Amino acid sequence: MVTIEQVVENNKRSLDIIQSLKNELSAIRHELIARKKKELIAENAALQKQVEIARSQLVALEIKNGKKQIPVPGASVAQCSEVSTDKPQAAKAEETPATAKAPAKEKKPKKEKPAASENNKKDAAPELPIDVGRLDMRVGKIVEVSRHPDADSLYLEKIDCGEAQPRTVVSGLVKYVPLEEMQNRMVVVLCNLKPAKMRGVTSEAMVMCASTPEKVEVLSPPAGAVPGDLVHCEGYQRQPDAQMNPKKKIFETCAPDLKTNDQLVACYKGAALHVPGKGNVVAQTLKNVQVK
C-alpha cells in the first residue's frame, strides 16, 4: 500500500524534475540567443567590410576617371564627396557662340581642341603617390587547395576574401609549404593585381609571403581576423586602386620596401602591416627578409 509519505516524496521528486527541466530549457534558450546575437554581429561586421571595400573601389575608379575627392572633416577618403570636372564643358559652351558666328570656311575646330585638352589636364585629379596605400591587401581563408594539374610546383587555391565568391589563386609554394598546411589556412592576399593566366588557370590575387631563396613562409593575419578584414599600414592612408595598371609598376615600386622586421612583423618602410583592432601581420620564423 502506498503511504502518504511516499505520495509526498514522489510529488516532491516530480517537482524537482520539472524545475530541473525548466532550468535546462532556460539555459538552452539563453545559449541560442547568445549564439544568434554573435552570428548577427559577425554578419554585420562582414557587411560593413564589404561596404568599405566597395566604397574604396568606387573612390579609386572616380580618381582614375578624373573625379576630385573633397575630404569631409572627420571622414576617410572613401567617404569624400565627388566633384565632376565640368570646366572643359563650360569652356566648350563659351566657345560655341563665337564659332557659330564665324563663316563655315573659317571654322577651325582642330585648333580649339588642344585648349580643351589643356583644361582637362588642369582639372584632372592628381596622381596618387606610389606607396603601400595603393595595395589592396585583405585577410583571406583558403577553403580549397590542390596541386595544379599542369604544373608540379604550383598550388591551385580557392580563397574566401569576404566577397560573394572565393577567388581563384595560383601560388608557387609546393616546394616550400606542404599541402596539408595550406588547407583552411588564414592568409594575407593582395587583391588588386591584374588577373593573369598561369599554366592555363587565371589567378585573381597573390598570397603574401616572407621569402628568401631557400625558404618561404606564408604570412599570418592576427588572431581573430576574419576573411575580408582590410590590412592597413601605420602612417599610410589606405586608398587602393580598383585594379593596378601593370604599366605603372605600383607593386614593383613598393616591393623592395616590404620586409619583415626583427620581431617577425611584416612592414613597409618599417611601418607595421596590421588589421585595426586585431593586431599585426607576421611571419613564423623569417626575420628581416623580403615580403612578396
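These numbers were taken from a predicted model, which means no experiment stands behind them.
Using a 4.5 Å cut-off on side-chain heavy atoms (C-beta onward), T168 and L156 make contact. Residues P246 and E252 fail the side-chain proximity criterion, which asks for heavy atoms closer than 4.5 Å. Considering only heavy atoms from C-beta on, P227 comes within 4.5 Å of M186 through its side chain.
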Determine, step by step, whether E204 and Q165 satisfy the side chain to side chain contact (heavy atoms under 4.5 Å, CB included) criterion, reporting the C-alpha distance in whole Å, the side-chain angles of both residues, the deciding distance to 0.1 Å, and the verdict.
-> CA-CA 12 Å; E204 301 171 313; Q165 297 293 332; over 6 Å; no
Taking it one step at a time, do L264 and L286 satisfy side chain to side chain contact (heavy atoms under 4.5 Å, CB included)?
-> CA-CA 6 Å; L264 299 173; L286 293 177; 5.5 Å; no
Passes side chain to side chain contact (heavy atoms under 4.5 Å, CB included), V291 versus T260? Steps please.
-> CA-CA 7 Å; V291 169; T260 59; 4.0 Å; yes
Decide yes or no on side chain to side chain contact (heavy atoms under 4.5 Å, CB included) for E217 and T285, but give the supporting numbers first.
-> CA-CA 8 Å; E217 292 179 351; T285 64; 2.2 Å; yes
Could you walk me through whether D241 and R134 pass salt bridge (Lys or Arg N to Asp or Glu O under 4.0 Å), step by step?
-> CA-CA 6 Å; D241 296 36; R134 303 279 292 274; 2.5 Å; yes
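In this structure, R199 CZ and L154 CG are separated by 7.0 Å, a value rounded to the nearest 0.5 Å. Distance check: Q57 CD to N192 CG gives 8.5 Å after rounding to the nearest 0.5 Å. Atom NE2 of H148 sits about 13.5 Å away from atom OH of Y155, to the nearest 0.5 Å. To the nearest 0.5 Å, the span separating NE2 on H232 from CG on L273 amounts to 11.0 Å. Atom CG of L40 and atom CZ of R35 lie 13.0 Å apart (nearest 0.5 Å). Taking CG of N288 as the start and OG1 of T212 as the end, the distance is 12.5 Å to the nearest 0.5 Å.
At distances below 3.5 Å, not a single donor-acceptor pair connects side-chain atoms of S26 with backbone N or O atoms of K22. D131 contributes a side-chain N or O that, together with a main-chain N or O of G133, makes up a donor-acceptor pair within less than 3.5 Å.
Heavy-atom minimum distance, R147 versus D152: NH2-O, 3.1 Å. Considering all non-hydrogen atoms of both residues, N10 and R13 come closest at OD1-NH1, 2.9 Å. Closest approach of F251 to M206, counting heavy atoms only: CZ-CE, 3.6 Å. Closest approach of A60 and P240 over heavy atoms only: CB-O, 3.1 Å. Residues L135 and C254 come closest through the heavy atom pair CD1-CB, 4.3 Å. Contact detail for V207 and V169: the closest heavy-atom pair is CG2-CG1, 4.2 Å.
Note on M244: it clusters hydrophobically with M208, by side-chain heavy-atom contacts below 4.5 Å among ILVMFWY residues. Connection of L58 to I53 is not established within any shared hydrophobic cluster, with ILVMFWY side chains joined at heavy-atom distances below 4.5 Å, either directly or through further cluster members. In this structure, V231 is not a member of the same hydrophobic cluster as V265, with clusters built from ILVMFWY side-chain heavy atoms closer than 4.5 Å. By the criterion of side-chain heavy atoms lying less than 4.5 angstrom apart, applied directly or through intervening Ile, Leu, Val, Met, Phe, Trp or Tyr residues, M137 is grouped together with L193 in one hydrophobic cluster. Hydrophobic clustering (side-chain heavy atoms under 4.5 Å, transitive across Ile, Leu, Val, Met, Phe, Trp, Tyr) groups V132 together with V281.
Residue N11 qualifies as enclosed at atom CG: its count of foreign heavy atoms under 6.0 Å is above 12. Remark: K278 NZ is packed, more than 12 non-hydrogen atoms of other residues, nucleotides or ligands lying under 6.0 Å away.
In summary, R138 and E163 engage in a salt bridge, as defined by a charged side-chain N under 4.0 Å from a carboxylate O.
Using a 3.5 Å distance cut-off with no hydrogens or angles, the side chains of K197 and S203 do not pair a donor with an acceptor.
Ring planes of Y268 and Y236: perpendicular class, angle over 60° (limits at 30 and 60°).
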